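Below is one structure, written out as structure tokens; the observations come after it.
Numbers here are sequence positions counted from 1. As the structure lists them, so they are numbered: ligands from 1, and atoms in each ligand from 1. It should be emphasised that the depicted structure is a prediction, and the values quoted were computed from it without experimental measurement.
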Amino acid sequence: MVTLFADAGMDPKRDIAGIVLNRWGHAYCNAGPGFYTPKDGKPTPSDLLRTPLGNLTFGHSELNGNQHWTIAAEEGHRAAQQVVAMLT
Ligand SMILES: Cc1cc2nc3c(=O)[nH]c(=O)nc-3n(C[C@H](O)[C@H](O)[C@H](O)COP(=O)(O)OP(=O)(O)OC[C@H]3O[C@@H](n4cnc5c(N)ncnc54)[C@H](O)[C@@H]3O)c2cc1C
């Protein structure tokens, strides 16, 4: 904050009364054996979930085993494209 705001007059001793740090857990799916590559001749869970079920498609960051916004957007985009393909 000093780096950002000292030039604007910020003085941490004067302007900061306290700092509260909260921790909020970040769940991750367990990408164990068979998650990324087929195991025992079975498709991976994510391959199954990326296959439309009737007119339903699935998009979630957990399909990639890497729960972040960018993956959520990629998977959501892919699922939306699958719906568009059904409609055209
Ligand atoms: C504490 C925390 C911090 C994070 N920090 C970061 C970060 O700094 N950077 C980053 O890139 N990512 C971060 N993430 C991860 C990121 O938020 C997720 O990967 C992303 O939001 C997942 O998006 P999604 O659309 O795949 O799923 P979600 O955001 O989980 O969306 C799923 C939606 O489906 C809805 N839903 C569930 N069941 C049903 C149902 N039966 N019918 C209808 N709707 C349903 C839910 O209500 C929800 O709105 C963080 C996550 C957490 C928890």
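Remark: His77 NE2 is loosely packed, at most 12 non-hydrogen atoms of other residues, nucleotides or ligands lying under 6.0 Å away. Within 6.0 Å of CD1 in Ile19 there are 12 or fewer heavy atoms belonging to other residues, nucleotides or ligands.
Using a 4.0 Å threshold on non-hydrogen atoms, atom 1 (C) of ligand 1 counts as touching the protein. At a distance under 4.0 Å, no protein heavy atom can be found next to atom 38 (N) of ligand 1. For atom 52 (C) of ligand 1, a protein non-hydrogen atom is found at a distance below 4.0 Å. Within a 4.0 Å radius of atom 46 (C) of ligand 1, the protein contributes no non-hydrogen atoms. Within a 4.0 Å radius of atom 22 (C) of ligand 1, the protein has at least one heavy atom. For atom 34 (O) of ligand 1, no protein heavy-atom neighbour is present inside the 4.0 Å cut-off. Under the 4.0 angstrom criterion, atom 42 (N) of ligand 1 counts as lacking any protein heavy-atom contact. For atom 26 (O) of ligand 1, a protein non-hydrogen atom is found at a distance below 4.0 Å.
Of all protein heavy atoms, the one closest to atom 7 (C) of ligand 1 is His68 ND1, 4.8 Å. Of all protein heavy atoms, the one lying nearest to atom 18 (C) of ligand 1 is Ser61 OG, 4.0 Å. From the protein, the heavy atom lying nearest to atom 10 (C) of ligand 1 is Trp69 N, 3.4 Å. In terms of protein heavy-atom proximity, atom 29 (O) of ligand 1 is nearest to His60 NE2, 5.0 Å. Nearest protein heavy-atom contact of atom 6 (C) of ligand 1 is His26 NE2, 4.2 Å.
Using a 4.5 Å cut-off on side-chain heavy atoms (C-beta onward), Met86 and Pro52 make contact. Residues Cys29 and Phe35 are in side-chain contact: their nearest non-hydrogen atoms beyond the backbone lie under 4.5 Å apart. Met10 places none of its side-chain heavy atoms less than 4.5 Å from the side chain of Leu4. Looking only at side-chain heavy atoms (C-beta outward), Gln67 and Glu62 come within less than 4.5 Å of each other. Between Thr51 and Asp47, the closest side-chain pair of non-hydrogen atoms is not below 4.5 Å.
Close approach of ligand 1 to Ala72 (heavy-atom distance below 4.0 Å) involves ligand atoms 22 (C), 23 (O), 24 (P), 26 (O). Near Gly25, with a cut-off below 4.0 Å to any heavy atom, the atoms of ligand 1 are 1 (C).
Under the 6.0 Å cut-off for aromatic ring centres, His26 and Tyr28 qualify, their centroids lying closer than that.
Screening Gln81, Glu74, Gln82 for a side chain to side chain contact (heavy atoms under 4.5 Å, CB included) involving Arg78 leaves a single residue, Gln82.
A donor-acceptor contact shorter than 3.5 Å links the side chain of Arg50 to the backbone of Leu63.
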